[in-house]
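Report on the following structure.
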Amino acid sequence: MLTGKRVKIKAKGKIFEGIVMPSFTGNLVLKLDSGYNAGFCEYELIEVLEEVKTQIRGAEISKREDLPNVKIISTGGTIASRVDYRTGAVTSQFTAEEIISDVPEIAEICNVDAELLYNILSENMKPNNWIELARRVYEALKKYDGVIITHGTDTMHYSASAVAFMLSTPKPVVFVGAQRSSDRPSSDAAMNLLCSAKLSISDVGEVLVCMHGSTSDDFCYAHRGVKVRKMHTSRRDAFHSINAKPVARIDYPSLNVEWLSWRFKRGERDLKLFDKLEEKVVLIKFFPGLGSDLIEYFHSKGYRGFVIEGTGLGHVSTDWIETLKKICEDSIVVMTSQCLYGRICDRVYDTGRDLLKAGVIEGEDLLPETALIKLMFLIGNYGIEKAKKLVKINLVGEIESRSDY
Ligand code: GLU
């Protein structure tokens with residue numbers, strides 16, 4: 001039984017050294033010193049070098065008094081997945097404890113407790129899941145120095161925004177994911193997790209997303225949860241801060257943190273939870289030819305919060321204006337842009353001015369998804385009229401006062 005031991009092997013004419021990971025396939029899986037896992041079906045064992053004190057699946061995790069305490073809440077996604085060798089599909093199977101046993105270096109940074117909240121792919125997240133997640137993070141923050149949430153990357157920015165609005169946090173709350181599952185040689189899971197562990201014990205007091213900053217294994221970026229977006233289907237550096245600087249750069253493997261844009265420091269805010277979200281809020285992407293009947297349909301179904309992803313500076317076709325005037329009487333309509341980068345300005349062209357007259361609110365430099373979550377949060381907690389006043393006010397770093405980026 002080699003699991004947990006450090007070995008030297010020869011495969012494909014090369015020498016490899018690493019820690020033997022639990023494997024369900026009969027293949028040898030080695031965690032290399034780079035943090036990556038590599039699988040070998042044909043190899044020659046040269047030497048068993050030493051027994052490594054690694055936290056094997058299910059084993060009790062030993063705590064060190066000199067280290068801060070961090071809670072990992074696992075929700076699923078690729079970071080918690082491995083390839084199902086029967087079907088070839090990537091499925092979610094890992095619990096948070098299993099992730100820790102795959103990345104034993106984390107035990108040098110902090111004491112970790114783990115909680116499996118969900119084991120779902122993030123396209124299956126719903127507003128109720130965000131509420132439950134915010135409640136769990138709130139409880140964890142009473143006891144722990146920081147919280148890490150492992151999450152599927154596809155909708156991580158929605159969840160990060162939801163938690164950022166629902167929770168006033170005095171401590172770091174770090175969302176982390178992976179573009180490649182942890183049993184793949186090119187996995188980004190280990191490095192992302194280690195960088196997020198470093199962030200979770202840092203002096204920041206806000207909700208962040210931590211992912212690869214480049215295609216190499218040299219640094220991660222910490223992005224503000226309300227300013228980040230997945231901009232590539234598969235690259236490991238898919239996450240970008242939009243209309244804002246990243247919050248920090250974490251070098252790997254040194255784990256040195258360079259702060260780029262602070263907002264809230266640790267201890268600056270009191271811990272508070274606002275756990276309501278209005279679900280009848282919709283994000284509609286305008287395209288040439290789309291009629292306003294779609295927005296009327298949602299209104300007839302009781303929706304009172306609308307985010308429009310308009311063209312350019314924030315436009316839809318002029319035949320929407322009369323409908324929007326009616327809708328704005330009892331609803332809130334916020335304009336964002338398909339451009340993503342830049343700021344809404346409906347004072348430049350006639351269409352924009354007519355939209356403003358109809359009651360449409362300029363969404364500043366809000367990402368459309370962040371605007372959606374902000375409306376869910378504002379309507380849920382304060383009602384439509386107050387939401388109309390608060391939507392243009394920066395609450396947690398979702399609106400930058402200047403458009404520098
Ligand atoms: N679609 C899945 C999700 O977002 C897998 C993608 C990922 O985690 O990167 O959960």
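Computed from a prediction, not measured in an experiment: that's the story for all the values here. Indexing begins at 1, ligand by ligand and atom by atom, following the structure's order. If you read the sequence from its start, that first residue is 1, and numbering goes on from there.
- Protein heavy atom in closest approach to atom 6 (C) of ligand 1: T78 OG1, 3.3 Å.
- Listed by atom number, the atoms of ligand 1 under 4.0 Å from G77 heavy atoms are 8 (O), 10 (O).
- Ligand 1 places these atoms under 4.0 Å from at least one heavy atom of S122: 3 (C), 4 (O), 10 (O).
- Close approach to E123 involves these atoms of ligand 1, each under 4.0 Å from a residue heavy atom: 1 (N), 2 (C), 3 (C), 4 (O), 10 (O).
- Of the residues listed (T351, I284, L324), the one engaging V316 in a side chain to side chain contact (heavy atoms under 4.5 Å, CB included) is L324, and it is the only one.
- Listed by number with element, the atoms of ligand 1 under 4.0 angstrom from any heavy atom of G152 are 3 (C), 4 (O), 8 (O), 10 (O).
- Of the possible polar contacts, one joining the N243 side chain to the G342 backbone as a donor-acceptor pair under 3.5 Å is found.
- With hydrogens and angles ignored, the 3.5 Å screen pairs no side-chain donor or acceptor of K245 with any backbone N or O of S261.
- Side-chain rings of F16 and Y43 stay apart, their centers remaining 6.0 Å or farther from each other.
- Close N/O approach between I120 and ligand 1 is not found [any backbone or side-chain N/O within under 3.5 Å].
- With rounding to the nearest 0.5 angstrom, the OG atom of S401 is 9.0 Å from the CG atom of D365.
- The aromatic rings of F274 and Y382 sit tilted, their planes meeting at an angle between 30° and 60°.
- Separation of atoms CD (E47) and CD1 (I15) is listed at 10.0 Å; rounding is to 0.5 Å.
- Taking only non-hydrogen atoms, the option from T153, T75, D154 nearest to atom 1 (N) of ligand 1 is D154.
- The distance from ligand 1 to the heavy atoms of Q179 drops below 4.0 Å at these ligand atoms: 9 (O).
- Set against the non-hydrogen atoms of A178, the atoms of ligand 1 under 4.0 Å away are 7 (C), 8 (O), 9 (O).
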